[in-house]
Every structure is written in structure tokens, then in C-alpha cells.
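Okay, handing you the structure first.
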Amino acid sequence: AQSVTQPDIHITVSEGASLELRCNYSYGATPYLFWYVQSPGQGLQLLLKYFSGDTLVQGIKGFEAEFKRSQSSFNLRKPSVHWSDAAEYFCAVGAAGYSTLTFGKGTMLLVSP
Amino acid sequence: ETGVTQSPTHLIKTRGQQVTLRCSSQSGHNTVSWYQQALGQGPQFIFQYYREEENGRGNFPPRFSGLQFPNYSSELNVNALELDDSALYLCASSSKQGVEETQYFGPGTRLLVL
């Protein structure tokens, strides 16, 4: 069965500082990996996705993520955080031929002035 | 191009009642998935509909049922509501054209069961 672990429930980052949100997955085959962001009371917005190929993927809003198969990780990064990035971030895993996405429990990002 | 829309935005029901939630998929998409997001949790997969047929189901009881219509819009029905059904219900649409499927989410319907 697929599973996703986001070890950090909350992270506080100063505005302008760099950010890394951790995601580890468990899946027997080649995973498809996603990061979504959710603002309070809102749905999920896709930040970026990995299917195959280049393991460093670029997304919207200046985010990037790197797939490391040896570490079963897909960490999300941003070089300089803006106050508007404060939200909850979800990592998800899927696979070819399967309908479901399995989500982690999310990491809440707080941005301090 | 319109995104995924859901209605209603909020709903209050009492235990034992039935509820129907609606979802319109993004233009060009033929697949709709439903997720339940309890407070403080990540979304959990309920089921997916593709070409009007159920195409996968998560660990939810049969009182959770759905439909997909010829225009690819979808309904989620929940019978005999329980207090634990209180959650944000998210609909996602996607296109099954090839193996690389990306799900795009709507704003959700927040259901409160009293």
C-alpha cells in the first residue's frame, strides 16, 4: 500500500528565508509525486508534479522539488519565502494505472515578518 | 477554460439525514475523483468515476455513493449521516489520456453534521 509521511506538522520561516518541506513516500513501483497547497478554507492548488525524467522539477510560485529515489523523498524547496506563502502544504503519491492519490497529513507553513 | 466547481460551499445536516454534493469537472476532463478531508488531516480517497462508471474506491462504506453524468459532472451522495462525516469534501477532475494523470481540485464543500 502507498503511504506518505510529512514529518513536520508546523514550520515557521522568516520572510525572505529559504524553505524546505520534507516528504517521504512508500510505494513498490515507480511513483508519481505531487505537491499541493491549501489556503485556509480553500481547495487544493497544484504546485508541481513528477512523473519521470529530470528529477528536479519546477513549479508555480517559485517552488521546486527534487525526487530522490534512493531516499524515497520528494522535498519541496523555495529560495525566498513570501508572506503569501503561508498555507498548508500536502505531498501526494500516485501511480500509473491507479485512480487514487495518497496524501500526507500536511505541513503548515507560518511566515514571520 | 473553467476550473473545477463544487456546490454547495457549505452545508449543515443532522445525523441520519442524506446529502448530495455536486461537482463540475474542468473543461476537457473525463474523470472525477472525490476525497474527504477531516479537520487537520490530508484528503482521503473516496472513489473515482470514469466514463460514468466507478473506477476505484477507497475504504468508505456503501452509504457513500456517486454518479457521473454524460457531461462528466458528478454527484457524491451520503446516506444515514454520522457525526464523523463532518469534513471538507473535495472533488478533483482529470483526464485519462495516457498514464500521466494530474488531478485538479475544486474549492470543496464543507459539511457539518449535528
Side-chain angles (χ1 to χ4, degrees), chain A residues 1-10 21-27 29-54 57 59-60 65 67 87-108, chain B residues 3-7 9-10 21 23-24 26 29-51 53-60 66 68 74 87-110 112:
Chain A
Q2 305 168 65
S3 68
V4 176
T5 301
Q6 294 181 247
D8 304 304
I9 298 174
H10 296 98
L21 301 183
R22 295 183 290 163
C23 172
N24 292 97
Y25 68 90
S26 173
Y27 188 63
T30 300
Y32 293 166
L33 295 159
F34 306 83
W35 275 98
Y36 289 87
V37 61
Q38 186 176 39
S39 297
Q42 303 297 311
L44 301 174
Q45 180 183 23
L46 178 69
L47 284 176
L48 46 78
K49 57 189 176 183
Y50 171 79
F51 291 122
S52 63
D54 192 346
V57 294
I60 63 171
F67 171 54
E88 191 155 24
Y89 292 78
F90 291 94
C91 180
V93 63
Y98 289 87
S99 52
T100 181
L101 286 180
T102 300
F103 285 84
K105 293 188 174 182
T107 297
M108 180 66 73
Chain B
V4 180
T5 60
Q6 292 185 242
S7 63
T9 55
H10 296 83
L21 310 182
C23 171
S24 292
Q26 186 170 311
H29 287 179
N30 55 17
T31 303
V32 171
S33 305
W34 286 93
Y35 291 81
Q36 180 195 67
Q37 186 179 18
L39 204 59
Q41 301 294 316
Q44 293 214 332
F45 176 71
I46 303 174
F47 44 55
Q48 182 183 82
Y49 278 83
Y50 170 57
R51 292 185 175 177
E53 297 285 335
E54 189 177 287
N55 182 52
R57 188 179 183 92
N59 189 27
F60 281 81
Q68 187 181 32
S74 176
L88 181 67
Y89 287 85
L90 295 164
C91 165
S93 77
S94 56
S95 178
K96 284 198 184 299
Q97 294 176 348
V99 297
E100 296 180 355
E101 180 180 341
T102 302
Q103 296 186 9
Y104 295 89
F105 285 80
T109 294
R110 187 162 298 280
L112 177 61

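Predicted, not measured: the structure shown is a model, and the values here were computed from it. Just so we're on the same page: letters track the sequence lines, and every chain starts at 1. No hydrogens, no waters, no symmetry mates; every other heavy atom, side chains included, goes into these values.
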Need one label for A:Gln38: side chain, backbone, both or neither, based on atoms under 4.5 Å from any heavy atom in chain B.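 The side chain, not the backbone.
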Considering all heavy atoms, the nearest A:Gly43-B:Leu90 contact: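 Closest pair (atom of A:Gly43, atom of B:Leu90, distance): CA-CD2, 4.0 Å.
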So with a 6.0 Å cut-off around CG of B:Leu39, is the heavy-atom count from everything else above 12?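 No - once you tally the heavy atoms of other residues, nucleotides and ligands closer than 6.0 Å, there are 12 at most.
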Spacing of B:Asn59 atom CG and A:Thr100 atom OG1 [to the nearest 0.5 Å]: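 Between B:Asn59 CG and A:Thr100 OG1, I get 11.5 Å after rounding to 0.5 Å.
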Using side-chain heavy atoms (C-beta onward) and a distance below 4.5 Å, is B:Phe105 in contact with A:Gln42?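 Answer no - side chains too far apart.
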Over 12 foreign heavy atoms within 6.0 Å of CG, B:Leu112: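 Yes - once you tally the heavy atoms of other residues, nucleotides and ligands closer than 6.0 Å, there are more than 12.
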Are there more than 12 heavy atoms of other residues, nucleotides or ligands under 6.0 Å from atom CD of A:Glu88?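 Buried by this count: over 12 neighbours within 6.0 Å.
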A:Lys105 versus chain B, the contacting section by heavy-atom distance below 4.5 Å: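 Answer is both: backbone and side chain atoms of A:Lys105 are under 4.5 Å from chain B.
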Testing the basics here: between B:Tyr35 and A:Leu101, what is the closest heavy-atom pair and its distance to 0.1 Å?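 It is OH-N, 3.1 Å.
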Side chain to side chain, B:Thr102 and A:Phe34, heavy atoms closer than 4.5 Å: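 Heavy-atom side-chain distance check passes, below 4.5 Å.
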Any A:Phe51 side-chain heavy atom under 4.5 Å of B:Glu101 side chain: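 In short, these two side chains do not touch, never coming nearer than 4.5 Å.
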By a 4.5 Å heavy-atom criterion (distance strictly below it), what part of A:Leu46 contacts chain B: side chain, backbone, both, or neither?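 Only the side chain of A:Leu46 comes within 4.5 Å of chain B.
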Over all atoms of both residues, closest heavy-atom pair of A:Phe90 and B:Gln37: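 Shortest heavy-atom separation between A:Phe90 and B:Gln37 comes out as CZ-NE2, 3.3 Å.
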What option among B:Gly56, B:Pro107, B:Gly40 has the most heavy-atom pairs under 4.5 Å with chain A?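 Sorted descending by pairs with chain A, the first entry is B:Pro107.
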Against chain A, label B:Gln48 side chain, backbone, both or neither, depending on which of its atoms sit under 4.5 Å from a heavy atom there.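 Answer is side chain: those atoms of B:Gln48 sit under 4.5 Å from chain A.
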